[in-house]
Each structure stands twice: as structure tokens, then as C-alpha cells.
Amino acid sequence: MSEHLAAIMEEHGEYCLRVAYLYVKDWSIAEEIVQDVFFAYYRQQNRFEQRSSLKTYLVKITVHKSHDYLRSWKNKRHLLMEKIHMGASKRTPEKELVVKDERSTLK
């Protein structure tokens, strides 16, 4: 990794991380997004035309990557699994027995 990129990551990484977190509400996913941001910048740094500050450019990439994540199947699968897990944790054998007992009483 070049010293230039390391300096940019040091200077703007934390801010980009907070921006990504505002969108995705998960620190580990926000970290992945920021890694993608700096990788994209590294691959395409010649496309940065300096019409705005570097910070603005990196934040714009961060926002786009965050939106991409929120639209992705990976996110939708993660949310679905979370809901299934939460629903499963609410069903305990004791609760199932109470529900079954109540149903038989109502019949």
C-alpha cells in the first residue's frame, strides 16, 4: 500500500466510517463499506478531478456504497435471517405448550 493511500485512510477513514454507519446501522458492515471505498479510490484515483475536496469525494463514494449495500441481496438476507432468529427465540417450548393448551380449551 502506498504511503499516500495510508495517509488518506488515516485522515478520512474515521469520518467515512461514521457516515457509512449512519446508513447501515452496523459497525462491521460500515467497516466493510469503508474498505470498499478506499479500494475503489485506490483503483480509480486518476478519475478524481479535484473539483471538490478529497473528503467530499470519499464521502460521496461512501454514500453510494452504503446505498448499494442497502439495496443488495446480502442485506435483505441478513435482515430476513435476523427476523427469523428473533421470531424463533420468542417461541419457547413452554410458550408452545401454553398456546396449545389455550387452543384445546377454546375448542
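Only heavy atoms go into these numbers, but all of them, side chains included; no hydrogens, no water, no symmetry mates. Just so you know, these numbers come straight off a predicted model, no measurement behind them.
V37 is connected to W27 through a chain of hydrophobic side-chain contacts under 4.5 Å among Ile, Leu, Val, Met, Phe, Trp and Tyr, so both are in one cluster. When hydrophobic clusters are built by joining Ile, Leu, Val, Met, Phe, Trp and Tyr residues whose side-chain heavy atoms come closer than 4.5 Å, directly or via intermediates, L54 is grouped together with L17. Under a hydrophobic-cluster definition in which Ile, Leu, Val, Met, Phe, Trp and Tyr are linked whenever side-chain heavy atoms come within less than 4.5 Å, directly or via other members, L22 and V24 are assigned to different clusters. By the criterion of side-chain heavy atoms lying less than 4.5 angstrom apart, applied directly or through intervening Ile, Leu, Val, Met, Phe, Trp or Tyr residues, L70 is grouped together with I33 in one hydrophobic cluster.
Taking all atoms of both residues into account, the shortest heavy-atom contact from Y21 to A30 is N-CB, 3.7 Å. Closest non-hydrogen pair, S52 versus Y57, comes out as OG-N, 4.2 Å. In this structure, F38 and H12 approach most closely via the heavy-atom pair CZ-C, 4.2 Å. Of all heavy-atom pairs between S2 and L5, the closest is OG-N, 3.1 Å.
From Y69, atom OH reaches atom CG of D26 across 6.5 Å, with rounding to the nearest 0.5 Å.
No donor-acceptor pair closer than 3.5 Å links the side chain of Q44 to the backbone N or O of Y41.
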Using a 3.5 Å cut-off and no angle test, enumerate the donor-acceptor pairs between side-chain atoms of residues 61-68 and protein atoms at least two apart in sequence or in another chain.
unit_1	atom_1	unit_2	atom_2	d
T62	OG1	L58	O	2.8
S66	OG	T62	O	2.8
D68	OD1	R71	NH2	2.6

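You'll find the side chain of Y23 reaches within 4.5 Å of the side chain of V19, heavy atoms only.
The local environment of OH in Y15 is sparse, with at most 12 non-hydrogen atoms from other residues, nucleotides or ligands closer than 6.0 Å.
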